[in-house]
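We name chains A, B, ... by the order of the sequence lines, and we start the count at 1 in each one.
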Amino acid sequence: MTTLTTPVSEAATRALKVGDEVTITGTLFTGRDAVHKFLHDGGRLPPGVNLKGGILYHCGPVVIKDGQGNWKCVAAGPTTSIREEPYQAQVIRDLGLRGVIGKGGMGDRTMAACKEYGCAYLHAVGGAAQVLAECIKSVPNVYMMEEFGAPEAIWQFEVAGFPAIVTIDANGNSLHKEIFAASQAELAKYI
Amino acid sequence: MKLLPDSLLELVRRTSVEIPDDVHRAIVDSLEREKKGTIAESAMKIIDQNIALAKNKSQPICQDTGSIIFYIDCPVGFDQPGFEETARQAVKFATGKGFLRQNSVDSITGKNDGTNLGPGSPALHFHQHRSPEVMVRLVLKGGGCENVGAQYSLPNEKLKASRDLDGCRKVILDAVLQAQGKGCGPGVLGICIGGDRAAGYELSKQQFLRKLDDHNANPELEKLERDIVATSNKLGIGPMGFGGRTTLLGAKIGVLNRLPASYFVSISYMCWAYRRQGVALGPDGEIQKWLY
Ligand code: SF4
């Protein structure tokens, strides 16, 4: 088990291998469809969203205000990442991301960007909304709520012990590709 | 039926926050089967913890609370419009309480009015029978797993699948291969052989009303169901597509007649967050018994 603390160094990212289990401590920012399209179209992140060496989370959380008026995240599982494939490589490069968390894996362009710029794709367990919400210790801020609405906004999460698996590393490997090829070969034996 | 609103709200709540026993048993078995110290085992552990947390906190198992699909068995003369109105109110109320996510979007404008009510939401399927019993079943089916459903038209040259059970087997296993890593496995397949395109998908979804440990009345289909699960679990796809021993928790097959010109195999995929419950209602609409 490797612990990643944000901001993550390039060396720490490059040391990760597919199949490694990691736990993340520090700051995550969420971003899904609207945010990726906005960045791709030349939009600027608001001040306060600093993703240099940071980790972006493909997630549309359920967040409520508690009795004291603080944000509280009650469900925070990953959303399907492949929808961001047209944008992700550019976003990794422009923002200097060291990690992207999501589910289902991503394609060749993202894999190439991970290798070139030193980023890793971290797969969270899909559907584990409650376990992952427990790892979110506080929600200090939300950005672009007006523009994008709650599920698509940029939420800042302070997390501790957030679990994920490296499925695309910064050295050109993808667990998704490996398992697909192996399972396809295996299936050929049974049909 | 003055207690119907409360009963339906409780049905929605329980369906969203608790996994049925037969599914939970299958998940615990597969956790035990995974090799110790693998990422497959870690994923199954997180899934198991998530199930317990959701139940204890009475919060949704997964944030995608999915399509809301009611199946109602009722006597002749049952007030269907009245039931539908009460079900819609229950859905709206459950959404306000956070048991359902604001999950229904106008397909043209992209607007989400936050009620989960609109064309097709919730979906209600009524079935009349000759007994006085009223039974209401509910399935919540997420979008990630819905997206990996597939419909094949046989023969399929690429997969060398002809119009027979072996051809059905080939396309079903292809669907398992293609779905890997998506739709939050380990999953369950609902399958329909035959029918037209609409009826095929419809019956494939109805398979999710069956318990995982039941048996198909048709021995040939029973054999095929078992074979699909056993073969899929040899492919090494595993939970979340991380590799491992459990790719499927179950496969259920139904059959419809077809036209001579058509041969469809329709496959719906249900994720591990398999949310299904049901109640038998008494004369006042009170819950008499849970069905799963
Ligand atoms: S596929 Fe199922 S478990 Fe995964 S995010 Fe969708 S509803 Fe949740």
Side-chain angles (χ1 to χ4, degrees), chain A residues 1 18-23 33-34 59-64 73-83 103-106 123-135 149-152 163-167 174-191, chain B residues 17 38-39 42-47 49-57 59-65 98 101-102 112 142-145 147 159-161 166 169-170 173-174 176-178 180-185 227 230-232 234-244 247 271-273:
Chain A
M1 184 81 71
V18 294
D20 284 353
E21 289 187 53
V22 299
T23 59
D33 309 73
C59 170
V62 180
V63 189
I64 56 167
C73 181
V74 294
T79 189
T80 301
S81 298
I82 195 71
R83 293 193 308 268
K103 72 161 171 143
M106 300 196 71
H123 198 306
V125 172
Q130 297 304 329
V131 168
L132 298 175
E134 290 276 298
C135 301
E152 295 273 352
I165 312 284
V166 179
T167 59
S174 159
L175 186 69
H176 308 282
K177 280 194 148 180
E178 286 171 22
I179 303 253
F180 192 91
S183 58
Q184 196 170 31
E186 197 62 21
L187 179 57
K189 295 185 196 163
Y190 302 109
I191 54 175
Chain B
V17 311
T38 58
I39 53 179
S42 297
M44 290 309 301
K45 269 191 194 154
I46 289 178
I47 286 171
Q49 285 166 8
N50 196 74
I51 291 169
L53 258 180
K55 183 174 177 179
N56 292 342
K57 291 163 72 178
Q59 282 178 4
I61 293 169
C62 175
Q63 75 272 0
D64 185 356
T65 52
R101 179 170 79 173
Q102 301 179 356
N112 181 342
C145 59
N147 290 347
L159 297 172
K160 300 195 182 64
D166 184 59
R169 177 177 182 271
K170 283 181 177 150
L173 290 170
D174 182 65
V176 173
L177 184 74
Q178 302 301 335
Q180 67 178 275
K182 303 168 205 136
C184 299
D227 173 63
T231 308
S232 299
K234 286 185 204 155
L235 302 183
I237 294 169
M240 295 292 138
F242 289 167
T247 300
C271 53
W272 69 259

Among A/V74, A/V131, A/L132, who wins on heavy-atom pairs under 4.5 Å with chain B? A/V131
Select one option (side chain, backbone, both, neither) describing which atoms of A/A133 are under 4.5 Å from chain B's heavy atoms. neither
Let me know if A/P61 has heavy atoms under 4.5 Å from chain B in its side chain, its backbone, both or neither. neither
Kindly write out the residues that satisfy side chain to side chain contact (heavy atoms under 4.5 Å, CB included) with A/E21, not counting sequence neighbours, or none if the list is empty. A/M1, A/I165, B/I39, B/S42
What is the minimum heavy-atom distance between A/E186 and B/K234, and which atoms define it? CG-O, 3.4 Å
Let me know if A/E134 has heavy atoms under 4.5 Å from chain B in its side chain, its backbone, both or neither. side chain
Pick one of side chain, backbone, both or neither for B/Q49, based on which atoms fall under 4.5 Å of a heavy atom in chain A. both
Should B/K182 and A/T80 count as side-chain neighbours, where that means a heavy-atom distance under 4.5 Å? no
Heavy-atom pair of closest approach, residues A/G60 and B/R101: O-NH1, 4.0 Å
Applying side-chain hydrogen bond (donor to acceptor under 3.5 Å, both in side chains), name anything that partners A/D20, two or more places apart in sequence or on another chain. none
So, the part of B/K57 with a heavy atom under 4.5 Å from chain A: the answer is side chain
Residue, of B/L173, B/L159, B/I47, that accumulates the most heavy atom pairs under 4.5 Å with chain A: B/L173
Can you tell if the side chain of A/T167 reaches within under 4.5 Å of the side chain of B/F242, non-hydrogen atoms only? yes
Judged by atom type as modelled, is there a donor-acceptor pair below 3.5 Å linking the side chain of B/W272 to the main-chain atoms of A/G126? yes
Pick one of side chain, backbone, both or neither for B/T247, based on which atoms fall under 4.5 Å of a heavy atom in chain A. neither
I'd like to know if the side chain of B/Q59 reaches the main chain of A/Q130, judged simply by a donor and an acceptor atom lying under 3.5 Å from each other, with no hydrogens or angles considered. no
Relative to chain B, which of A/A128, A/G19, A/A75, A/G104 shows the most heavy atom pairs under 4.5 Å? A/A128
Locate the shortest heavy-atom distance separating A/G127 from B/N50; write the atom from each residue and the value. O-ND2, 3.4 Å
Check B/Q63 against A/A129 and note the closest heavy-atom contact, atom names and distance. OE1-CB, 3.1 Å
Considering only heavy atoms from C-beta outward, does the side chain of B/Q178 approach that of A/F180 to under 4.5 Å? yes
Please report the closest heavy-atom contact between A/S183 and B/Q180, naming both atoms and the distance. OG-NE2, 2.9 Å
Applying a strict 4.5 Å limit to non-hydrogen atoms, the region of A/L175 in contact with chain B is side chain
Side chain, backbone, both or neither: which part of B/A54 has an atom under 4.5 Å from a heavy atom of chain A? both
